[in-house]
2 protein chains.
Amino acid sequence: MADRARTPRERYREQTRGEIKRSAVRRLAEGGVENVALLRIAKEIGLSGPALYRYFGSRDELLAELVTDAYQALADAVRAVDLGGGGRASLQALAAAYRAWALAQPHLYLLIQGTPVPGFEAPAETVERARAVLGPFLTVFAEGRPTPALEPLVAESAAWLREDAAVAAWVERWTGLAADAPGAAVALTGAVTAWPQTHGVVGLEAAGQFTGMGQRPATLLPLQMNLLADAFRLP
Amino acid sequence: MADRARTPRERYREQTRGEIKRSAVRRLAEGGVENVALLRIAKEIGLSGPALYRYFGSRDELLAELVTDAYQALADAVRAVDLGGGGRASLQALAAAYRAWALAQPHLYLLIQGTPVPGFEAPAETVERARAVLGPFLTVFAEGRPTPALEPLVAESAAWLREDAAVAAWVERWTGLAADAPGAAVALTGAVTAWPQTHGVVGLEAAGQFTGMGQRPATLLPLQMNLLADAFRLP
DNA sequence: TCACTTCAGTTATAGCATGTAACTGAAGTG
DNA sequence: CACTTCAGTTACATGCTATAACTGAAGTGA
């Protein structure tokens, strides 16, 4: 935001990159990842083939940037939720926001949470991005008082907090709790449990696997979140 | 099984088809779906390019058959579970079998439950296949007595049972219950809830999204199944 | 102002993929 | 033994990714 329009050249470059990405996202939405072809994108924006390689080193690089952007957008959507209510109301709101974002652009969601793009695998960075999305869940679960059944998972979370300083910092940022505070491990456990549950419903829904089923994901997801809230005794 | 070796020609054809599919599956496991290239498969098994089109009309057709086979294999793996124990023990066993199959061939699992192959979408058939996988879950949840929180979803299941005869038949096959028996809707609700929860954990794990996380999916999944068993008051 | 650099964009080309067409020859069939 | 069926071939059309070599205009410093 600071150095937005340094030089005309850079501004133009940034604009063209954006145009390419927007075309790519549109093609992704219309025909899946196979439809994202540099040649056709180039033709669409009035360039000829190899010109795109000035802007993206390869097709995979372009896709990787779409993934990064999508994570950012999902994180923004989740962060935009007002956690004022706290407790299970906030958890419901987070899950709903997550779902709404995913269903508004199912192809993008499947791109980031579904099958990893073959060549491209950025484990470290992916984890980082996922954490940005899960942050607000930490906040909500920090006030949880888990039932005894959750004990093994809380223990694993506590161990992780002890071993990984980056995780400890992440949890502290969203909960204000130090790594050795009992609430930290609880928050971490809640987030790491809520995430696969939400993804389970949303991922199947985005992939169209619920079509033909009689139950509505809009009923199922809140219900699962409620069960989870019960397990963590959220107010 | 009946007309296995009708004519030598057909037997040869079947054998070649199998060879092609095995090569495709191997390539899928090694380099993802992009690595499944007819030309390279042909070269590998000593044929030259277009010959494969005698056996599969197109690449998509080959992939579609991989999907079908994979569903079958997953259904077999789940059906092989001994439900003698009943109750939550059986639920745990089912989820564990589902997970074990998926992790033994993550690329295949992502192929059937992840991003749908672009061109190819067979909603009706896919639903059918998914049902075959979920059958044993119905059996387990038939003896459930859901907590009041599950009421809305049970109602949706009951409505679905009333409207869709095929679903009613499916449920009856796995539970022995008629569509209007209260247990039928409960079983359906349980299966349709357990499925996304299991998929949520397994899908993320297969996609490698748990690497770098401190919690082990092997801990998380049984725990979630236990919560679910509680909600259905499984013995 | 003018040489010099930087860089967007071009055409040409290599390589590999899917898929079709037309042909060849051997295995099955009445 | 004529005839059909069909696996497999080569040749080719098309479309994609990616690289190489060139062109020309926009920026840059003395």
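Chain letters run A, B, ... following the sequence lines, proteins first and then strands; every chain starts at 1.
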Counter-base of dT5(D), judged by Watson-Crick or G-U geometry with both distances under 3.5 Å: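 Here dT5(D) is engaged in a pair, and the nucleotide opposite it is dA26(C).
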
If pairing requires Watson-Crick or G-U wobble contacts with both distances under 3.5 Å, which nucleotide is the partner of dC2(C)? dG29(D)

Whole-Å distance separating the [atom1] atom of [X] from the [atom2] atom of [N]:
X	N	atom1	atom2	value
Arg27(B)	dT18(C)	CZ	P	10 Å
Asn35(A)	dG15(D)	CG	C1'	13 Å
Ile20(A)	dG9(C)	CD1	C1'	12 Å
Ile45(A)	dG9(C)	CD1	C1'	12 Å
Arg13(A)	dT6(C)	CZ	C1'	12 Å
Tyr53(A)	dA8(C)	OH	P	16 Å
Gln15(A)	dG9(C)	CD	P	11 Å
Glu34(B)	dA17(C)	CD	P	12 Å

Start at the 5' end of DNA chain D and walk down; is the nucleotide closest to Gly57(A) or to Arg40(A) reached first? Arg40(A)

On DNA chain D, more 5' by nearest nucleotide between Arg54(A) and Lys43(A) is Lys43(A)

Can a donor-acceptor pair be found between the side chains of Gln215(B) and Ser157(A) at a distance below 3.5 Å? yes

Would you please classify the geometry between the Trp170(B) ring and the Trp160(B) ring as parallel, tilted or perpendicular, with 30° and 60° separating the classes? perpendicular

For the residue pair Tyr109(A) and His199(A), categorise the inter-ring angle as parallel (less than 30°), tilted (30 to 60°) or perpendicular (more than 60°). tilted

ring-ring contact (aromatic ring centres under 6.0 Å, His included) between Phe141(A) and Trp174(A), worked out: CA-CA 10 Å; Phe141(A) 279 105; Trp174(A) 287 96; over 10 Å; no

Looking only at N and O atoms, is any donor in the side chain of Arg9(A) or the base of dG27(D) less than 3.5 Å from an acceptor on the other one?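 In this structure, the two groups form no donor-acceptor pair.
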
Does Ser58(B) reach a base, just sugar-phosphate, or nothing at all? Heavy atoms under 4.0 Å. sugar-phosphate

Any base atoms under 4.0 Å from Leu39(B), or only sugar-phosphate, or nothing? Heavy atoms, all strands. base

Look at the side-chain N and O atoms of [X] and state whether any lies under 4.0 Å from the OP1 or OP2 oxygen of [N].
X	N	value
Tyr55(B)	dG8(D)	yes
Arg59(A)	dT17(D)	yes
Tyr12(A)	dG9(C)	yes

The side chain of Ala37(A) is closest to which nucleotide in this list: dG19(C), dT17(D), dA18(D)? dT17(D)

Nearest listed nucleotide, side chain of Pro50(B), among dT11(C), dG19(C), dA8(C): dG19(C)

Return the CD to CG distance between Gln197(A) and Leu228(B), rounded to the nearest 0.5 Å. 8.5 Å

